[in-house]
Amino acid sequence: MINHNPQFSLEHFVTLKCKYQATDYENSSLSSLLYLILRKADLGMNINDIEWNWLLDNQLLETIEAIQKKQEDQAQAICQLDAEFDQLKKKYDASHISIEYTPVGSILWKLDSEHEITDSEVDFLRKNSLKYLAEQSLEIQKFKHLKIKYKADQFPSYFPEESPLYSILKKLESEADLNEKDIEFIQQQKLLETLAIVNQKQAIKQAEFAELKEKYKSTAYLDSSVFSPLYPILKSLDENKKLSSLDKKFLEDNKLNETLNIVLENEQKEQFNELKIKYKATGSQDSLPSSHLHKVLKKVDANMKLIDQDINFLKNRKLMDTIAISIEKYADHLKSTIKTGDELSQTDIDWLKQNGREDILVFAKEKHFVNLKSKYDVSGYTDQGVSTGLYPILQKLDKGNRLEEIDVAWLIENKLFYNSYYSDYTFYNTYNRNYSNKIFIAYHTIEATFYEQEYQKTGNQWKLPNASSHWRKANEPKRALKLTENINFNSIRENKLKSALLTTRGGAFRDIDQLDQAETCARKAIEYQPNSHHPYTLMGAICFERGQFSEGEHWFEEAIQRGASPKDQDAEMKQIVKNAKDENKRKKVVEYLLSKDPNRYSWAKSYLKKPKNSGQ
């Protein structure tokens with residue numbers, strides 16, 4: 001048998017018998033089952049079937065009712081507590097967590113009853129991923145303290161986010177300016193003591209506003225209310241804060257010119273001071289924005305080149321570091337200019353030489369060379385440097401200057417003048433089209449322009465065939481035609497000149513596929529100079545383009561008899577095949593040439609497989 005504390009247990013048993021209507025039960029032994037049942041019932045423990053049956057057997061009906069009533073009351077109390085916890089969860093946006101039997105529930109209970117929670121409790125919330133609850137609790141406490149401090153604790157709102165009063169009190173705490181709506185809210189809520197504090201602060205600010213208006217020459221502005229837009233502007237000005245463009249516009253619109261001048265002067269002073277620090281000129285005593293030093297430093301900051309007068313000015317003030325920075329900065333600016341693809345002026349080139357920046361000059365040339373090679377489609381050509389070779393030639397072309405014969409010879413030698421199948425200069429006087437690269441086109445454009453200008457200067461009509469021929473090589477046959485369209489052949493005495501003009505004009509017509517006009521010009525050219533091979537070569541090419549191969553061969557033979565080279569004929573054949581717009585026509589020409597001489601015209605085999613308009 002279990003040993004009990006006699007005095008405590010007997011007294012306790014008697015108390016329980018009274019509480020649960022079991023005084024009629026005579027047995028008061030601590031070993032009685034009744035004592036166990038009553039102890040369990042009092043502790044809220046479950047009564048099992050054996051125990052219920054024992055109470056019934058012993059006719060302890062009132063005890064049964066008392067125990068059942070106790071259990072019902074406890075269940076109801078638990079339900080009530082659960083309902084209260086549910087309300088807390090909704091109120092604090094914590095419905096997603098179970099708080100009933102955790103420290104979170106106790107913390108929220110304290111918070112809701114306006115008791116302060118401890119730092120350790122806030123930390124607990126944060127550590128359990130309830131940071132928002134921790135922050136909310138801190139805001140609630142802050143709101144409570146502010147209400148007490150500013151005599152607004154009778155205000156019913158408890159949650160900061162639910163009340164505009166919280167933002168108002170925070171403004172008061174931070175000495176920020178209230179607006180008219182804030183004052184109106186305090187008045188509507190009849191927070192008289194809070195209003196008195198506000199009025200006291202407003203009076204101090206009004207006095208401050210008056211002083212600021214006097215200090216910054218804006219007394220002409222009559223509105224003295226601290227709600228005026230001018231008040232925060234003057235406060236910012238007094239705190240050395242930069243004004244916005246809207247602030248300045250307000251001053252301008254209200255004709256507060258003296259105040260605006262102070263603002264602008266302060267900004268210039270600040271800018272001047274920043275520039276002195278930035279460009280190591282703090283050793284100078286100059287502080288006025290109107291000083292020459294300020295102008296010089298602004299030039300440096302704007303990536304402008306300093307003139308000799310500016311350099312001497314800095315030297316006289318022993319600002320050698322500033323000079324060094326200005327030189328380096330402008331050099332960097334020129335380098336950036338070069339990177340964007342712009343060329344340097346001669347003045348900038350002289351400046352770089354004067355300041356020993358040969359590295360940038362070399363960089364400029366190399367970058368320019370790269371750009372020129374890209375422009376003229378020769379980026380794949382590798383050159384040893386920019387002083388010799390291709391670079392000087394591309395410079396001449398890009399400036400529109402004529403090339404010398406040695407330049408052309410260099411281009412031909414390095415296979416940069418013609419397309420791949422033209423390795424010599426034999427076709428210079430033939431009538432080709434659409435196979436030239438950009439260097440070739442640029443060269444002939446410059447030459448054509450030169451001869452055209454020479455004709456305009458001298459009236460020498462022999463310049464016209466040269467100009468026309470170059471325009472054709474520059475892929476500008478229409479300019480060649482325009483150049484020769486208004487010629488009065490009756491006024492020309494030399495048949496040789498007439499023949500040359502008609503031949504180049506006929507070639508231009510051929511370039512634009514007007515073969516009938518080309519033939520007319522060629523036949524007239526033959527009439528004027530029967531012994532020149534050029535118009536015969538033109539006739540041969542015209543016949544081949546028409547598919548009249550036998551007749552074309554006849555004209556080519558006539559040209560060879562008059563001094564033409566077989567290479568001229570080969571060049572024309574390549575031209576005809578390459579530029580054929582009709583695949584059937586191309587195929588017929590190729591098949592004819594291969595049947596005639598497969599070795600001589602072996603190059604034509606590749607065109608049997610090539611798609612239209614592909615190059616070689």
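Rounding to the nearest 0.5 Å places CG of D511 at 11.0 Å from CD of E476. Here the straight-line distance linking atom CD of Q346 with atom CG of D350 works out to 4.5 Å at 0.5 Å rounding. In this structure, CZ on R357 lies 13.0 Å from CG on D348, to the nearest 0.5 angstrom. With rounding to the nearest 0.5 angstrom, the CG atom of D238 is 3.5 Å from the NZ atom of K215. Distance check, rounded to the nearest 0.5 Å: CD1 of I349 to CD1 of I360 gives 12.0 Å. With rounding to the nearest 0.5 Å, the separation of CD1 in I439 from CG in L411 is 5.5 Å.
Under a cut-off of 6.0 angstrom, the local environment of CD in Q309 is sparse, with at most 12 non-hydrogen atoms contributed by other residues, nucleotides or ligands. For K588, the NZ atom counts as loosely surrounded, since its 6.0 Å shell holds 12 or fewer non-hydrogen atoms of other residues, nucleotides or ligands. Other residues, nucleotides and ligands place more than 12 heavy atoms under 6.0 Å from the NZ atom of K305. Crowding of K596 atom NZ: a count of heavy atoms from other residues, nucleotides or ligands under 6.0 Å exceeding 12. Annotation for K365: atom NZ does not count as buried by contact number, only 12 or fewer foreign heavy atoms lying within 6.0 Å. For CD of E405, the number of neighbouring non-hydrogen atoms (other residues, nucleotides, ligands) closer than 6.0 Å is 12 at most. Atom CG of D253 is surrounded by more than 12 heavy atoms from other residues, nucleotides or ligands within 6.0 Å.
With respect to the salt-bridge test (charged N to carboxylate O, under 4.0 angstrom), the residues R402 and E447 qualify. The pair K241-E239 meets the salt-bridge criterion, since a charged nitrogen lies less than 4.0 angstrom from a carboxylate oxygen. The pair E551-R546 fails the salt-bridge criterion, with no side-chain N (NZ, NE, NH1 or NH2) lying under 4.0 Å from an Asp/Glu carboxylate O. Taking a cutoff of 4.0 Å between a charged side-chain nitrogen and a carboxylate oxygen, E519 and R523 qualify as a salt bridge. The pair K335-E328 does not count as a salt bridge, with every side-chain nitrogen at least 4.0 angstrom from each carboxylate oxygen. A salt bridge is absent between E583 and K587: the closest approach of a Lys/Arg side-chain nitrogen to an acidic carboxylate oxygen does not fall below 4.0 angstrom.
At least one donor-acceptor pair under 3.5 Å links the side chain of K276 to the backbone N or O of D286. D407 places a side-chain N or O within donor-acceptor distance of the main-chain N or O of E404, the cut-off being under 3.5 Å. Here the side chain of S468 pairs no donor or acceptor atom with the backbone of L464 at under 3.5 angstrom. A distance-only check finds a donor-acceptor pair linking the side chain of N254 to the backbone of F250 [under 3.5 Å]. Between the side chain of T282 and the backbone N or O of I277, no donor-acceptor pair lies under 3.5 Å. Side-chain atoms of S491 come within 3.5 Å of backbone atoms of N488 as a donor-acceptor pair (strictly under, hydrogens ignored). With hydrogens and angles ignored, the 3.5 Å screen pairs a side-chain donor or acceptor of K585 with a backbone N or O of E545. The closest donor-acceptor contact from the side chain of S499 to the backbone of K496 lies at 3.5 Å or more, if one exists at all. Under the 3.5 Å distance criterion, the side-chain polar atoms of T219 are left unmatched by any main-chain donor or acceptor of K213. At distances below 3.5 Å, at least one donor-acceptor pair connects side-chain atoms of S595 with backbone N or O atoms of Y592.
Using modelled atom types and a 3.5 Å distance limit, the side chains of S565 and D568 yield no donor-acceptor pair. At a cut-off of 3.5 Å, with distance as the only test, no side-chain donor of S284 or R317 sits close to an acceptor on the other residue. In summary, the side chains of Q271 and H294 do present a donor paired with an acceptor at a separation below 3.5 Å, with no hydrogens or angles considered. Using modelled atom types, one finds no donor on one side chain facing an acceptor on the other under 3.5 Å when comparing K249 with S245. In this model, a donor atom of one side chain and an acceptor atom of the other lie less than 3.5 Å apart for Y221 and S228.
The six-membered or imidazole ring of Y330 lies near that of H333, with a centre-to-centre distance under 6.0 Å. Taking the six-membered ring for Trp and the full ring otherwise, F544 and F549 have centroids separated by under 6.0 Å.
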Evaluation steps, side chain to side chain contact (heavy atoms under 4.5 Å, CB included), between D247 and S236: CA-CA 10 Å; D247 293 336; S236 296; 5.6 Å; no
Residues N437, D377; criterion side chain to side chain contact (heavy atoms under 4.5 Å, CB included); working and verdict: CA-CA 8 Å; N437 63 27; D377 281 349; over 6 Å; no
From CA spacing to verdict: side chain to side chain contact (heavy atoms under 4.5 Å, CB included), M573, R600: CA-CA 11 Å; M573 291 302 101; R600 179 180 177 182; over 6 Å; no
Side chain to side chain contact (heavy atoms under 4.5 Å, CB included) evaluation trace for T504 with W471: CA-CA 10 Å; T504 189; W471 279 129; over 6 Å; no
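Between H444 and F417, the ring planes are tilted. Angles from 30° to 60° get that label. Between Y536 and W555, the angle of the ring planes lies from 30° to 60°, which puts this pair in the tilted group.
With F369 as the partner, the ring-ring contact (aromatic ring centres under 6.0 Å, His included) test is satisfied by one option alone out of Y381, Y376, F363, Y391: Y391.
For the pair Y279 and L293, the minimum side-chain heavy-atom distance is 4.5 Å or more. Under the 4.5 Å side-chain criterion, counting only non-hydrogen atoms from C-beta, L481 is in contact with I512. F489 has its side chain out of reach of K524: every pair of non-hydrogen atoms, C-beta onward, lies at least 4.5 Å apart. Residues L403 and I446 have side chains not in contact (no heavy-atom distance under 4.5 Å, counting atoms from C-beta outward). A 4.5 Å side-chain heavy-atom check between P465 and L497 finds at least one atom pair inside the cut-off. No side-chain heavy atom of F450 sits less than 4.5 Å from a side-chain heavy atom of H470. Side-chain contact between L344 and L352 is present, with heavy atoms from C-beta onward closer than 4.5 Å. Inter-residue side-chain proximity for N401 and Q395 is flagged as unmet; no heavy-atom pair is nearer than 4.5 Å.
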